[in-house]
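Counting convention: from 1, in listed order, for ligands and their atoms alike. Residue numbers start at 1 and run along the sequence shown.
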Amino acid sequence: MHIVHRISDLRAALAGRGRPAFVPTMGNLHAGHLSLVQQARAAGDVTVASIFVNRLQFLPHEDFDSYPRTWEADCAQLEAAGCDVLFAPRESELYPQAQTFKVQPDPRLADILEGQFRPGFFTGVSTVVMKLFACVFAGSPGVAVFGRKDYQQLLVIRHMVQQFALPIDILAGETCRAEDGLALSSRNAYLGPAERAEAVQLVRALRALADAALQPHADLAALEEGAMRSLRARGWQPDYLTVRRRGDLLPPEGRAEPGGLVALGAARLGGARLIDNLEF
Ligand code: PAF
């Protein structure tokens, strides 16, 4: 695996190697990231991953400084997964000046759910992803893979690619789960043993919400409030548990939405804020 830290070295490493298939990450890799790398390997000519903890997508009180940085282990895992090129820019390379030009996603998609509780998050994500795309693809066609676990992020990136006519196919990677059902996430590292045992309750609450939402005459608002209440009673601090349309994350008008529904949730447990979703 070729490791590069500079944009010019990345471009040199990719020159003449065909269509890149790209997996952007913030490091602290787990099996979920590696399955995205496997998917990328099958989709392009040269597989590229990036590791960059993007300050722009963290609020001042969030965990930018303490976000787990596990460089050696990440490199070993990417190498074993068959990644060809790892781009790990320093902050001074990607943001040599303050990043004053930003990608502003549609507030109807980006200011709800995660965006409501983490204002500016999707501007930070869209801006860095646009910049990483410019570094990796330089306007040429390619493929990029994003996990379904960050469902809203996946939609925001798809809209960005469509509206800016970027020649990049966005592939969605399935959420990888631990044996008990907990979605794999870098932030699971913040859970103590008792919290780790409890953490599976988030996806269980989403499953119960999805099942209840499909019942005739379901009152979604009451079901969502009930799901949040149940988690609160177990010591969680939920931001939202909700059922939305898969295509635009607006509240459904009926249960028979042609594009399908998705139950999404975000909740704090101890020092960790976990998110998950189930499409149904
Ligand atoms: O999903 C992530 O890890 C990040 O939001 C991403 C896409 C790498 C942008 O920093």
Exercise. side-chain hydrogen bond (donor to acceptor under 3.5 Å, both in side chains) with R158: which residues, sequence neighbours excluded?
Worked result: none
Exercise. So does R6 have more than 12 non-hydrogen atoms from other groups sitting under 6.0 Å from CZ?
Worked result: no
Problem set entry | H30: ring-ring contact (aromatic ring centres under 6.0 Å, His included) partners, not counting sequence neighbours | H33
As a test of reading the model: which N/O atoms of the protein lie under 3.5 Å from N/O atoms of ligand 1, and at what distance?
unit_1   : atom_1 : unit_2 : atom_2 : d
ligand 1 : 1 (O)  : Q153   : NE2    : 2.9
ligand 1 : 5 (O)  : Q57    : NE2    : 3.0
ligand 1 : 5 (O)  : Q153   : OE1    : 2.7
ligand 1 : 10 (O) : Q57    : OE1    : 2.7

For this session: Indicate yes or no: does D239 engage R118 in a salt bridge with an N to O separation below 4.0 Å.
Result: no
Seminar exercise, completed: Tightest non-hydrogen contact, residues Q153 and F146, listed as NE2-CD2, 4.0 Å
Exercise. Who pairs with I112 by side chain to side chain contact (heavy atoms under 4.5 Å, CB included), at least two apart in sequence or on another chain?
Worked result: Q152, R244, L249
